[in-house]
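Before any comments, here is the structure.
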Amino acid sequence: FLSDTGIAYPVLAGYPQAYEDEEVVLVNNKCKCVTVTSKFVPSKENPEEEILERNIRIIVPLKSRENISDPTSPIRTTFVYRMTDLCKKCDPIEIELGGEIYNAQQSTSCDVTETCYTYNRDKCYTTTFPFLYHGERKTLQAALTPASCYAE
């Protein structure tokens with residue numbers, strides 16, 4: 001390959017090879033406190049071959065409430081983790097088919113509300129509470145995740 005100045009530059013074709021110890025994050029679900037990573041490691045049977053190793057890290061929030069926006073709701077005792085739910089991608093993407101642009105989702109179950117075991121810091125959570133002001137009782141709304149509820 002020659003540039004306009006006549007200097008030859010090498011052209012590399014192909015794809016980047018991952019570093020030996022590099023883990024790739026496949027899922028980082030803040031709502032369920034789950035991270036799934038993968039990396040290639042040498043096979044125990046044949047060290048010259050590499051196999052794909054997946055690691056699933058689950059943090060169980062033991063003081064989580066059934067309704068995280070209601071501090072008076074009972075403590076959650078059941079946690080359900082389904083890989084299909086964790087890996088679904090609901091953000092619409094634009095694809096081109098036959099010269100036409102279409103919006104598509106990579107999952108078919110995006111209309112189901114996700115149960116959060118802790119606060120997803122990207123969402124705004126609020127709760128109401130009674131407030132006594134000059135002898136009058138009022139119900140006010142408070143932000144449980146203020147950084148997500150108020151624009152800077």
Side-chain angles (χ1 to χ4, degrees), residues 1 9-132 138-152:
F1 176 80
Y9 292 100
V11 177
L12 300 175
Y15 58 92
Q17 185 174 353
Y19 295 102
E20 286 181 23
D21 293 330
E22 184 177 327
E23 277 191 319
V24 176
V25 177
L26 302 174
V27 173
N28 186 9
N29 188 314
K30 294 174 184 163
C31 207
K32 297 260 203 253
C33 305
V34 175
T35 304
V36 180
T37 60
S38 69
K39 72 176 180 176
F40 284 99
V41 296
S43 168
K44 290 179 182 165
E45 291 83 29
N46 183 358
E48 294 184 19
E49 285 184 4
E50 286 188 330
I51 58 171
L52 184 65
E53 175 184 86
R54 289 217 172 126
N55 294 300
I56 302 171
R57 179 176 167 248
I58 299 173
I59 298 173
V60 178
L62 297 177
K63 304 252 182 198
S64 177
R65 300 279 176 185
E66 286 289 332
N67 176 356
I68 60 174
S69 294
D70 180 5
T72 62
S73 67
I75 296 285
R76 178 176 290 282
T77 56
T78 304
F79 298 87
V80 178
Y81 298 92
R82 290 188 182 92
M83 284 303 289
T84 53
D85 291 341
L86 295 172
C87 297
K88 70 181 177 183
K89 295 190 183 236
C90 292
D91 295 333
I93 58 169
E94 287 185 352
I95 58 170
E96 182 182 340
L97 291 173
E100 299 276 330
I101 301 288
Y102 295 95
N103 280 332
Q105 287 179 330
Q106 296 181 18
S107 181
T108 55
S109 61
C110 290
D111 295 336
V112 180
T113 332
E114 185 175 21
T115 302
C116 277
Y117 299 151
T118 188
Y119 294 119
N120 178 349
R121 299 295 174 192
D122 299 331
K123 284 187 176 179
C124 176
Y125 295 93
T126 60
T127 188
T128 55
F129 67 96
F131 185 73
L132 192 61
K138 296 183 177 197
T139 302
L140 298 178
Q141 195 167 25
L144 296 172
T145 51
S148 300
C149 295
Y150 304 113
E152 291 184 34

Distance-only check: which donor-acceptor pairs under 3.5 Å involve side-chain atoms of residues 58-68, not counting sequence neighbours?
residue: Ser64; atom: OG; partner: Tyr117; partner atom: O; Å: 2.6
residue: Arg65; atom: NE; partner: Pro71; partner atom: O; Å: 3.4
residue: Arg65; atom: NH1; partner: Ser73; partner atom: O; Å: 2.8
residue: Asn67; atom: OD1; partner: Ser69; partner atom: N; Å: 3.1

If you measure from CG on Leu52 to OG on Ser43, what distance do you get to the nearest 0.5 Å? 12.5 Å
Within a strict 4.5 Å, meaning less than it, do heavy atoms of the Val25 and Glu23 side chains meet? no
Measure across Glu50 and Phe40 and return the closest heavy-atom pair with its distance rounded to 0.1 Å. OE1-CB, 3.6 Å
State the CG-CZ distance between Leu26 and Arg54, to the nearest 0.5 angstrom. 5.5 Å
Should the pair Phe129 and Phe131 be assigned to parallel (<30°), tilted (30 to 60°) or perpendicular (>60°) ring geometry? perpendicular
Here the pair of heavy atoms bringing Lys39 nearest to Glu22 is CB-O, 3.3 Å
side-chain hydrogen bond (donor to acceptor under 3.5 Å, both in side chains) with Thr126: which residues, sequence neighbours excluded? Gln141
To the nearest 0.5 Å, how far apart are OG1 in Thr115 and CZ in Arg76? 6.0 Å
